[in-house]
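See below for the structure under consideration.
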Amino acid sequence: MQPFGLSFTRALGAAAMCLTIALPGLAQAQQAPAAAANTFDAVRSRGQLVCGVNTGLAGFAQPDSQGVWRGFDVDYCRAIAAALFGDANKVRYVPTTAQNRFTALQSGEVDVMARNTTWTLSRDTSLGLDFTAINFYDGQGFMVKSNLNLKSAKELEGATICVQPGTTTEQNLTDWARANRIRFTPVVIERLEELVSAYTAGRCDAYTTDVSGLASTRSAQPRPADHTILPEVISKEPLAIGVRQGDARFADVTRWVHFVLLAAEEFGITQANVEQMLNDPRPEVQRMLGRNGGLGPMLGLNDAWAVNVIKAVGNYGEVFKRHLEPIGIQRGPNALWTQGGLQYAPPFR
């Protein structure tokens, strides 16, 4: 294939810029230890969970025509609220961008971040936050217009590529291009809506982000078939729930909410049958559903917390099928370990 004929103008400091952009709220985080001191008690006292989500990403977090937030990440917010209050509706959603999401969590504007965010070493150690559970294994890819007839990302020599700043995506793109000796010109735009508009309007030849994000964007187009997601996956993107450092109990709750969704799927417990499964004789099911073992109080919750979570959103497979399968995302590595995937829960004991 002939190159697009555009020169590579990106400086080699893109990786450093990505980290620098992500850190503007660190000072605020260090000045606001009270917000992180006891999130669990603060949320319970308030009677409402404040959850940081995407500004609008189909399948993950997006308000519907009635203004009701729906999506895979939204169901995690609902599940955490169900565990804390027995009521999945006790959530206020705060849309956050790639640039301000960490500041929103650090400053106490949100209690938890369920917003397709990659767990990395630098984020884990430098931003005053903790990642508690990987709820979606992903990887970065590329999407192009189908009429370009591209079969591989390695055909993007000389292309313009749309990318969002303040993300791991920007650094991955630079690293991948250098490793494969591919020249490209980045089109860097912060707001997702503007970035997608630039891609669809032809300002860039390709759009790169997590494959799940590409699938979401493609599904929202008037003619999804006009866009092709290329086969290469160039990175590991473990998307994880984030909380502030300083409250192990709240972190434990968010972590074990994820695990109960996985375990429920493994044990065949669904939103429809959870009441009947209270009589299941398997010891671990009995412990998980609060029939014995006293596990709920160990988290600061009542014994019905897991039942409330499953009643609210179903199991992990149900959440996935409800929100992600309709936009063309398959389980892949997010299948249970019993089905060849990476997802499984530690024992409930």
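Aromatic pair His227/Tyr207: ring centres not closer than 6.0 Å.
A salt bridge links Glu265 with Arg331: at least one charged nitrogen is closer than 4.0 Å to a carboxylate oxygen. The pair Asp41-Arg44 does not count as a salt bridge, with every side-chain nitrogen at least 4.0 angstrom from each carboxylate oxygen. Salt-bridge formation is detected for the pair Glu193/Arg191: a Lys NZ or Arg NE/NH1/NH2 atom is positioned less than 4.0 Å from an Asp or Glu carboxylate oxygen. Look at Asp252 and Arg249 and you find no salt bridge, because none of the NZ, NE, NH1 or NH2 atoms lies under 4.0 Å from a carboxylate O.
The two residues Glu190 and Gln164 have their closest heavy-atom pair at O-NE2, 2.7 Å. Phe40 and Leu299 get closest at one heavy-atom pair: CE1-O, 3.7 Å. The shortest non-hydrogen separation linking Leu239 to Asp210 is CD2-OD2, 3.5 Å. Residues Ile327 and Ala58 come closest through the heavy atom pair CD1-O, 3.4 Å. Looking at every heavy atom in both residues, Val211 comes nearest to Gln140 through CG2-C, 4.1 Å. Contact detail for Val260 and Val309: the closest heavy-atom pair is CG1-CG1, 3.7 Å.
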(request) Let me see the working for Leu57 and Leu192 under side-chain contact (heavy atoms from CB on, under 4.5 Å), right down to the final yes or no. (result) CA-CA 9 Å; Leu57 188 65; Leu192 178 61; 4.0 Å; yes

(message) Determine whether Gln106 and Arg244 satisfy the following criterion, side-chain contact (heavy atoms from CB on, under 4.5 Å), listing intermediate values before the conclusion.
(response) CA-CA 6 Å; Gln106 294 157 350; Arg244 284 184 297 278; 5.6 Å; no

(request) List the steps, then state whether side-chain contact (heavy atoms from CB on, under 4.5 Å) holds for Phe320 with Ile329. (result) CA-CA 9 Å; Phe320 197 105; Ile329 298 177; 3.9 Å; yes

(request) Please step through side-chain contact (heavy atoms from CB on, under 4.5 Å) for the pair Phe250 and Val112, ending with a clear verdict. (result) CA-CA 9 Å; Phe250 187 66; Val112 60; 4.2 Å; yes

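Atom CG of Leu336 and atom OH of Tyr316 lie 8.5 Å apart (nearest 0.5 Å). Once rounded to the nearest 0.5 Å, the distance linking CG of Leu129 with CD1 of Ile241 reads 12.5 Å. Taking CZ from Arg223 and CZ from Arg218, the interatomic distance works out to 15.0 Å, rounded to the nearest 0.5 Å. Taking CZ of Arg115 as the reference point, atom CZ of Phe60 lies at 11.5 Å (rounded to 0.5 Å). The structure places CZ of Phe131 at 5.5 Å from CE of Met113, a figure rounded to the nearest 0.5 Å. Asp64 contributes atom CG, which lies 4.5 Å from atom CZ of Arg70 (distance to the nearest 0.5 angstrom).
When hydrophobic clusters are built by joining Ile, Leu, Val, Met, Phe, Trp and Tyr residues whose side-chain heavy atoms come closer than 4.5 Å, directly or via intermediates, Val196 is not grouped with Ile161. The hydrophobic cluster containing Ile189 also contains Tyr199, counting ILVMFWY residues as joined when their side-chain heavy atoms lie under 4.5 angstrom apart, directly or transitively. By the rule that hydrophobic residues join a cluster once side-chain heavy atoms approach within less than 4.5 Å of another member, Phe259 and Trp119 end up as members of separate clusters. Both Val307 and Leu84 are assigned to one and the same hydrophobic cluster, defined by single-linkage of ILVMFWY side chains at heavy-atom distances under 4.5 Å. Hydrophobic cluster membership is shared by Ile310 and Leu278, with clusters built from Ile, Leu, Val, Met, Phe, Trp and Tyr side chains linked at under 4.5 angstrom.
Using modelled atom types, no side-chain atom of Asn135 and backbone atom of Asp73 make a donor-acceptor pair closer than 3.5 Å. A distance-only check finds no donor-acceptor pair linking the side chain of Asn308 to the backbone of Ala83 [under 3.5 Å]. The backbone N or O of Ala42 lies less than 3.5 Å from no partner atom in the side chain of Ser45, so there is not a single donor-acceptor pair. Side chain of Asp87 to main chain of Asn89: a donor-acceptor pair is present (N/O by atom type, distance under 3.5 Å, no hydrogens or angles). Between the side chain of Thr96 and the main chain of Val53, a donor-acceptor pair closer than 3.5 Å is present. When atom types are taken as modelled, the side chain of Gln286 and the backbone of Asp280 share a donor-acceptor pair closer than 3.5 angstrom. The backbone N or O of Gly139 sits nowhere less than 3.5 Å from a side-chain atom of Ser235 that would complete a donor-acceptor pair. When atom types are taken as modelled, the side chain of Thr254 and the backbone of Ala251 share a donor-acceptor pair closer than 3.5 angstrom. Between the Ser126 side chain and the Arg123 main chain, no donor and acceptor come within less than 3.5 Å of each other. At least one donor-acceptor pair closer than 3.5 Å links the side chain of His258 to the backbone N or O of Ile134.
A donor-acceptor contact closer than 3.5 angstrom is absent between the side chains of Asn100 and Thr103. Side chains of Thr97 and Thr55: a donor-acceptor N/O pair is absent below 3.5 angstrom, by distance only. Side-chain atoms of Thr168 and Glu237 form a donor-acceptor pair, as typed in the model, at a separation below 3.5 Å.
Residue Lys145 qualifies as enclosed at atom NZ: its count of foreign heavy atoms under 6.0 Å is above 12. Enclosure of atom CZ in Arg349 is not indicated, since only 12 or fewer non-hydrogen atoms of other residues, nucleotides or ligands lie within 6.0 angstrom.
Residues Phe72 and Val319 meet the side-chain proximity criterion, which asks for heavy atoms closer than 4.5 Å. A heavy-atom distance below 4.5 Å is not found between the side chains of Arg203 and Thr160. Looking at Arg92 and Arg46, their side chains never come closer than 4.5 Å, going by heavy atoms from C-beta outward. Under the 4.5 Å side-chain criterion, counting only non-hydrogen atoms from C-beta, Pro95 is in contact with Trp69. Between Thr118 and Pro238 the shortest side-chain heavy-atom distance falls below 4.5 Å. Proximity of Phe184 to Leu173: side-chain heavy atoms (C-beta onward) are separated by under 4.5 Å at one or more points. When side chains are defined from C-beta on, Asp226 does not count as touching Gln221, because their heavy atoms never get closer than 4.5 Å. A heavy-atom distance below 4.5 Å is not found between the side chains of Phe348 and Phe267.
When each of Ile229, Asn149, Asp205, Leu156 is paired with Val144, the side-chain contact (heavy atoms from CB on, under 4.5 Å) condition holds for Leu156 and for no other.
Take Asp303 and apply the salt bridge (charged side-chain N to carboxylate O under 4.0 Å, His left out) test, not counting sequence neighbours, and it matches no residue.
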